[in-house]
There are 2 protein chains.
Amino acid sequence: MKPFNDTLELLMRHRSIRRFADTPVTEEQLEAIVGAAQMASTSSNVQAYSVIAVTDPGRKERLAALAGNQAYIRECPVFLVWCADLYRLREVTSAHMAPEASHIDTTENLIVATVDAALAAQNAAVAAESLGLGIVYIGGVRNDIAAFSEALELPELVYPVFGMCVGTPAQEPVLRPRLPLQSVLHRERYSAQETVERAAAYDETTRAYMRERSGGTSDTPWSVTMAHRLAQPARMQMKEFLQSKGFMKR
Amino acid sequence: MKPFNDTLELLMRHRSIRRFADTPVTEEQLEAIVGAAQMASTSSNVQAYSVIAVTDPGRKERLAALAGNQAYIRECPVFLVWCADLYRLREVTSAHMAPEASHIDTTENLIVATVDAALAAQNAAVAAESLGLGIVYIGGVRNDIAAFSEALELPELVYPVFGMCVGTPAQEPVLRPRLPLQSVLHRERYSAQETVERAAAYDETTRAYMRERSGGTSDTPWSVTMAHRLAQPARMQMKEFLQSKGFMKR
């Protein structure tokens, strides 16, 4: 018998939601979601992230245009932008140290802040779903990351890692199948051969899934979709942008 | 009345666990935990992460020595190492594209893989806690990241983002207070002044917490702890290491 409880069931039935009902997310729901996010683990208690809740229609419109123009960014009642944030840390420590003594600009701290933002956001996603809401992550915030950052007045040492649409689901998508467990779970050491071999079976799984989702017009296997993705130059300005914001200078 | 349910309650009572009972994590629990991790969102379905479950005492001993020598890495029944993984993606796409056509080595894809690993890991943390288990994240896997990677036979385009001790809690730590909600939650745009001002109150909160935890021998406020942290050169080899593994070459 498999281990089971309501929380596991909730985690196992996650689907990204891209159509939302015209129902607001209440202030209490928002605070419960962000409160849960705050309880996620954080590296040495740095809490190196911020989240911006955008509800103003004009601003959502502008952000949507910059992030791939997906209708659901406009339509969701709350668009959360999750940011890696070392700015707050720099400011609160400035009274206790000379700026040149700080190692805030390392690649290590970019990773720390990015991970902190992601752990908090995933707790928020779970919290939102526990309240009957639906979410979708938006990587498109990095499409034109300079303009997007400017639209939110992000200071130095802050960058938008991803967005998250939150609202009441107005669709019931099927579960998207994942890689076989044994392709992502290794034992004792990394198993290079097994991870690749087990992933091969996933091509058949994704062909069937695509066939069903497209009504028979597409059956592209995962490995081909991934090759198309890697063939495209995407967000090539990230390194330069992050360095211009004070991240990963060394 | 605040929104409330069992999952929210679980998220709100998270504490890192650093002492574990001598009880194994069963294979079924492990598969439930990693199965829940797999259902987290992933950027364009790349699933660019792997997790290595280490239970062998000799190997845990070696990894503990490399990762800060914390006793709980040795003592926990399962030590999970969460890796950003673009290796699997490179291998499965190699039949469909020339290596030189691939943009796998961008900073964008480093972020994608790091975020994928973190979202999956946080679902795993929540799943483990829902089963009555406790966890602690281990950033120390990045202390000597080259030796740690070698000990796990990590190939090119894979790096250990963090570890996670999992087991039955043998302690009941108090909740660690977080920054005021209004310091991390911004409205419509980033509020540089408010995030810093609100964080000031946290210095008092952390002094009281430290005083209680240390039995009165310490009352260092957060901003001072953070300044000490930033003053130390930490994991300065990250950029060079990541590039040597094929990440963020551009």
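Sequence lines set the chain letters: A, B, ... in the order given, protein chains first and strands last, and positions in each chain run from 1.
A 4.5 Å side-chain heavy-atom check between Y137(A) and V115(B) finds every atom pair outside the cut-off. Here the side chains of M238(B) and M248(A) are not in contact, with every heavy-atom distance at 4.5 Å or above. Side chains of L119(B) and L119(A) form no contact here, defined as non-hydrogen atoms less than 4.5 Å apart. Taking the side chain as every heavy atom from C-beta outward, K239(B) and R250(A) never approach each other to under 4.5 Å. Put simply, the side chain of H103(A) does not reach to within 4.5 Å of the side chain of Q232(B), judged on heavy atoms. The side-chain heavy atoms of I111(A) and R235(B), taken from C-beta on, include no pair separated by under 4.5 Å. Put simply, the side chain of C83(A) does not reach to within 4.5 Å of the side chain of Y190(B), judged on heavy atoms. Counting heavy atoms from C-beta on, the side chains of I52(A) and E188(B) never come closer than 4.5 Å.
For the options V161(A), V126(A), N123(A), heavy-atom pairs under 4.5 Å to chain B are most numerous at N123(A). The most heavy-atom pairs under 4.5 Å with chain A, out of L11(B), V92(B), N45(B), V196(B), come from N45(B). Contact count against chain A (heavy-atom pairs under 4.5 Å) is highest for R229(B) among M236(B), E91(B), R229(B). When each of V54(A), L152(A), N5(A), V51(A) is scored by its heavy-atom pairs under 4.5 Å with chain B, the top score falls to V51(A). The greatest number of non-hydrogen atom pairs below 4.5 Å with chain A, out of A53(B), A118(B), A127(B), is found for A53(B). Options R176(B), R90(B), Q29(B) differ in how many heavy-atom pairs under 4.5 Å they form with chain A, and the most are formed by R176(B). When the candidates A231(B), A120(B), G139(B) are compared by the number of heavy-atom contacts under 4.5 Å with chain A, A231(B) comes out ahead. Of the listed residues L110(A), D85(A), L63(A), the one with more heavy-atom pairs under 4.5 angstrom with chain B than any other is D85(A). Highest contact tally toward chain B, considering only N109(A), V112(A), V184(A), T225(A), is held by V184(A) [criterion: heavy-atom pairs under 4.5 Å]. Listed options T106(A), V136(A), L8(A), I145(A) were ranked by heavy-atom pairs under 4.5 angstrom with chain B; first place goes to L8(A). Interface summary for chain B: among T195(A), L185(A), L181(A), the most heavy-atom pairs under 4.5 angstrom belong to L181(A). The most heavy-atom pairs under 4.5 Å with chain A, out of V46(B), I104(B), L154(B), T114(B), come from V46(B).
Sequence neighbours left out, the pairs with a member in residues 92-102 of chain A that pass side-chain hydrogen bond (donor to acceptor under 3.5 Å, both in side chains) are H96(A)-S223(B).
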Derivation of the salt bridge (charged side-chain N to carboxylate O under 4.0 Å, His left out) call for E153(A) and R187(B)
CA-CA 11 Å; E153(A) 302 175 31; R187(B) 310 294 178 139; over 6 Å; no
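At a 4.5 Å heavy-atom cutoff, the contact between F162(B) and chain A is made by side-chain atoms alone. Proximity to chain A is limited to the side chain of L175(B), based on heavy atoms less than 4.5 angstrom apart. With a 4.5 Å cut-off on non-hydrogen atoms, A101(B) touches chain A through its backbone but not through its side chain. For E197(B), no part sits under 4.5 Å from any heavy atom of chain A, backbone or side chain. Using a 4.5 Å cut-off between heavy atoms, A199(A) touches chain B through its side chain atoms alone. Using a 4.5 Å cut-off between heavy atoms, E27(A) contacts chain B through its side chain alone, with no backbone atom that close. Neither the backbone nor the side chain of Q193(A) comes within less than 4.5 Å of any heavy atom of chain B. With a 4.5 angstrom heavy-atom cutoff, P180(A) touches chain B only via backbone atoms.
The closest side-chain donor-acceptor pair between S183(B) and R88(A) falls under 3.5 angstrom.
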Let me have the donor-acceptor pairs involving side chains of residues 30-41 of chain B, under 3.5 Å, with sequence neighbours excluded, atom names and distances please.
| residue | atom | partner | partner atom | Å |
| --- | --- | --- | --- | --- |
| Q38(B) | NE2 | L179(A) | O | 2.8 |
| S41(B) | OG | H14(A) | NE2 | 3.0 |

